[in-house]
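Chain letters run A, B, ... following the sequence lines, proteins first, then strands; residues in each count from 1. It should be emphasised that the depicted structure is a prediction, and the values quoted were computed from it without experimental measurement.
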Protein chains: 2
Amino acid sequence: MRLVIARCSVDYAGRLTAHLPLAVRLIMVKADGCVAIHADGGAYKPLNWMNAPNTVEELEDRWVVSSPKGETLTILIEEVLHDSAHELGVDPGLQKDGVEAHLQELLAANPTTIAEGLSLVRREYPTAIGPVDLLCRDADGSAVAVEVKRRGEIDGVEQLTRYLDRLNLDPLLRPVRGIYVAQVIKPQARTLATDRGIGCVEIDYDELRGIESDELRLF
Amino acid sequence: MRLVIARCSVDYAGRLTAHLPLAVRLIMVKADGCVAIHADGGAYKPLNWMNAPNTVEELEDRWVVSSPKGETLTILIEEVLHDSAHELGVDPGLQKDGVEAHLQELLAANPTTIAEGLSLVRREYPTAIGPVDLLCRDADGSAVAVEVKRRGEIDGVEQLTRYLDRLNLDPLLRPVRGIYVAQVIKPQARTLATDRGIGCVEIDYDELRGIESDELRLF
DNA sequence: GTGTATATCTCGGGG
DNA sequence: CCCCGAGGTATACAC
């Protein structure tokens, strides 16, 4: 990884055009060739960047970064204040816990935490327009489509609605009702869901994880 | 901005929990206090980060970054390979061109490029669930709601549908038809739009900009 | 490769 | 402050 602190102006032309006036910034070049221009603030997102693959042409007063898609990033360098290179090696990568996939796993293993008497048919039940998170049957044997989100916003209701429309075309499943499950469900999403006859369930991730641990402890 | 290259392991606990095994990485600390852990690849996104505002506690063998929301980032440092600090100053910021806002401006100025006889009522026409990009009237005086996107995907159709439902409750506007305008409209989006009686128009950004320049040239 | 859904999304605007 | 929408979204995953 190469780190350059320089007084520079930057122009990007590609999916849009963008210009950065002259200022002191960090130019980060990673081993895979990607380039990022950072200011001294504004979260982790760089002001401007170029993803790999690309070619970096280093001229006297400017760097020209070009991608095969026809994008270009031109860095006019007026003054270099720091320039260093470092060997980092390959990163073993990030281990995550607590994202939607894990929430879905926990719910699949414990469908009764969503609603009394619910049993799982399958996870990622396929339809022509995409997979339904959980397809279940309730105590009466009726089909229930469950959409899982970490945060329950309006687009999840739209998503579940599209799936329900599709599933209700299948005579073997019909009638299918929907349940929207999330750690928090926003008021707009709840209103829309209720209007459409979709149930809303808020679940506690830590509590669910607790149930899971308890079950494991029995063995 | 402080740049540290170090052999370290990292743990984040907050919106999720995440762990990074021991490896050499860049630790970037910006003037506003935000911290980002970068590997030598993987585009511009850091492996792990903590946004401002936060407090950084620098101990003998570890840094503990805590946010007021209760998130923590713990960096266990085994070996420091580089450590430098740099004054960057305030950045003048990015100037953009070619995004949806500009597309919307151009269309607002030239509504007939969307459909023959169309005239603008107003941009960002407010409804209870959000603003409609363009509200127009056609040659017959009927209301037309226009949703503008750079890329026409399925969520834009959902958005326009919600607006149309809402607008059609207004006796002064009713009946309102919809037109979905984008540089490219994906097949799925076109199908859904057509099913719902929504028109689809693909427009050429460069051509539209050309029309605009021609008009300016007349003055 | 296209299409779909997620993200510690980030970022900005409006009420 | 939250809500909502856009993004050069990027990224993963299924078909």
Side-chain angles (χ1 to χ4, degrees), chain A residues 12-18 34 36-37 41-52 67 69-73 93-94 96-104 123-133 147-151 153-156 158-160 162-163 184 186-189, chain B residues 10-18 34-37 42-52 54 65 67 69-73 93-94 96-104 124 126-133 147-151 153-156 158-160 162-163 186-189 191:
Chain A
Y12 165 77
R15 282 174 276 187
L16 56 66
T17 60
C34 71
I37 317 285
Y44 70 69
K45 200 180 178 185
L47 294 162
N48 233 325
W49 69 93
M50 192 76 125
N51 288 340
S67 86
K69 288 178 210 154
E71 297 167 292
T72 59
L73 187 74
L94 188 66
K96 287 185 192 183
D97 173 38
V99 289
E100 192 204 290
H102 196 212
L103 194 56
Q104 196 195 103
R123 278 177 63 190
E124 302 288 345
Y125 183 91
T127 77
I129 52 165
V132 181
D133 284 344
E147 175 65 32
V148 181
K149 282 265 183 286
R150 213 161 50 79
R151 288 180 314 171
E153 303 188 3
I154 210 160
D155 56 339
E158 300 287 15
Q159 205 178 324
L160 181 51
R162 289 199 298 273
Y163 293 147
V184 214
K186 298 281 175 80
Q188 272 90 346
Chain B
V10 184
D11 281 281
Y12 165 78
R15 283 173 277 187
L16 52 65
T17 61
C34 69
V35 179
I37 317 288
Y44 66 70
K45 198 180 178 183
L47 294 162
N48 233 325
W49 68 91
M50 191 79 125
N51 288 341
N54 61 44
V65 188
S67 86
K69 289 179 209 157
E71 298 167 291
T72 59
L73 187 74
L94 188 67
K96 285 187 188 181
D97 173 39
V99 288
E100 192 203 290
H102 195 212
L103 195 56
Q104 199 195 99
E124 301 289 347
T127 77
I129 53 165
V132 181
D133 285 343
E147 176 65 32
V148 181
K149 283 265 183 285
R150 215 162 48 78
R151 289 177 314 174
E153 304 191 0
I154 212 158
D155 57 338
E158 301 287 16
Q159 204 177 327
L160 181 51
R162 288 199 298 274
Y163 291 145
K186 298 282 178 78
Q188 274 87 348
T191 304

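- D:dC3 atom P lies 14 Å from atom CG of A:D155, rounded to whole Å.
- Comparing C:dT8 with C:dT4, their P atoms sit 23 Å apart, to the nearest whole Å.
- Atom P of D:dG8 sits at a distance of 22 Å from the matching atom of C:dA5, rounded to the whole Å.
- If you take CD1 of A:I154 and P of D:dC4, they are 6 Å apart, rounded to a whole angstrom.
- B:K69 places its NZ atom 10 Å from the C1' atom of C:dT8, with the value rounded to the nearest Å.
- For A:K149, counting side-chain heavy atoms from C-beta on, the closest listed nucleotide (D:dA10, C:dA5, C:dT6) is C:dT6.
- Heavy-atom distances to DNA chain D give each of A:A189 and A:E71 a nearest nucleotide, and the one nearer the 5′ end belongs to A:A189.
- Judged purely by atom type and a 3.5 angstrom limit, B:T191 uses its side chain to pair as donor or acceptor with the backbone of B:P187.
- With distances taken from any side-chain atom of A:L16 to the nucleotides C:dT8, D:dG8, C:dT4, the minimum falls on D:dG8.
- Between the C1' atom of C:dA5 and the CG atom of A:L103 lies a distance of 15 Å, rounded to the nearest Å.
- The backbone N or O of A:N51 lies less than 3.5 Å from no partner atom in the side chain of B:Y44, so there is not a single donor-acceptor pair.
- Look at A:R151 and you won't find any side-chain N or O under 4.0 angstrom from OP1 or OP2 of D:dC2.
- The interatomic distance linking A:K96 (NZ) with D:dA12 (P) rounds to 9 Å, in whole Å.
- Using a 4.0 Å heavy-atom distance criterion, A:L73 is classed as making no nucleic acid contact.
- Considering only side-chain N and O atoms, A:K186 lies under 4.0 angstrom from the phosphate OP1 or OP2 of D:dC3.
- Picking from D:dG5, C:dT6, C:dT8 the nucleotide with the shortest atom distance to the side chain of B:R162 gives D:dG5.
- Within 4.0 Å (heavy atoms only), A:E153 reaches no atom of the nucleic acid at all.
- Nearest-nucleotide positions on DNA chain C for B:A18 and A:G130 put A:G130 closer to the 5' end.
- Nearer the 5' end of DNA chain D, as judged by each residue's closest nucleotide, is the contact made by A:M50, out of A:P126 and A:M50.
- Contact annotation: A:R123 does not reach the phosphate of D:dC13 (side-chain N/O to OP1 or OP2, under 4.0 Å).
- Contact check for B:R15 versus B:K69: no side-chain heavy atoms found under the 4.5 Å cut-off.
- Contact check, B:Q159 against D:dA6: a side-chain N or O comes under 4.0 Å of OP1 or OP2.
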Practice task
Output, in order, the C-alpha distance, side-chain angles, deciding distance and verdict of side-chain contact (heavy atoms from CB on, under 4.5 Å) for B:V10 and B:L47.
Solution key: CA-CA 10 Å; B:V10 184; B:L47 294 162; over 6 Å; no
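- Heavy atoms of A:Y125 sit nowhere under 4.0 angstrom from any nucleic acid atom.
- Looking only at side-chain heavy atoms (C-beta outward), A:V132 and A:E124 stay at 4.5 Å or farther from each other.
- Between A:K186 atom NZ and A:R151 atom CZ the span is 5.5 Å, to the nearest 0.5 Å.
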If you restrict it to nitrogen or oxygen atoms, what contacts under 3.5 Å exist between nucleotides 11-15 of chain C and the protein, and what is each distance?
{"unit_1": "C:dC11", "atom_1": "OP1", "unit_2": "A:G42", "atom_2": "O", "d": "2.8"}

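- Between the CG atom of B:L160 and the P atom of D:dA6 there is a distance of 12 Å, rounded to whole Å.
- The CD atom of B:E147 sits 15 Å away from the P atom of D:dC4 (whole-angstrom rounding).
- Atom CH2 of A:W49 and atom P of D:dG8 are 5 Å apart (whole Å).
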Handout entry: side-chain contact (heavy atoms from CB on, under 4.5 Å) between A:L16 and B:H102, intermediate numbers included
Key = CA-CA 11 Å; A:L16 56 66; B:H102 195 212; over 6 Å; no
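- The heavy-atom pair separating B:I154 from B:A189 by the smallest distance is N-CB, 3.8 Å.
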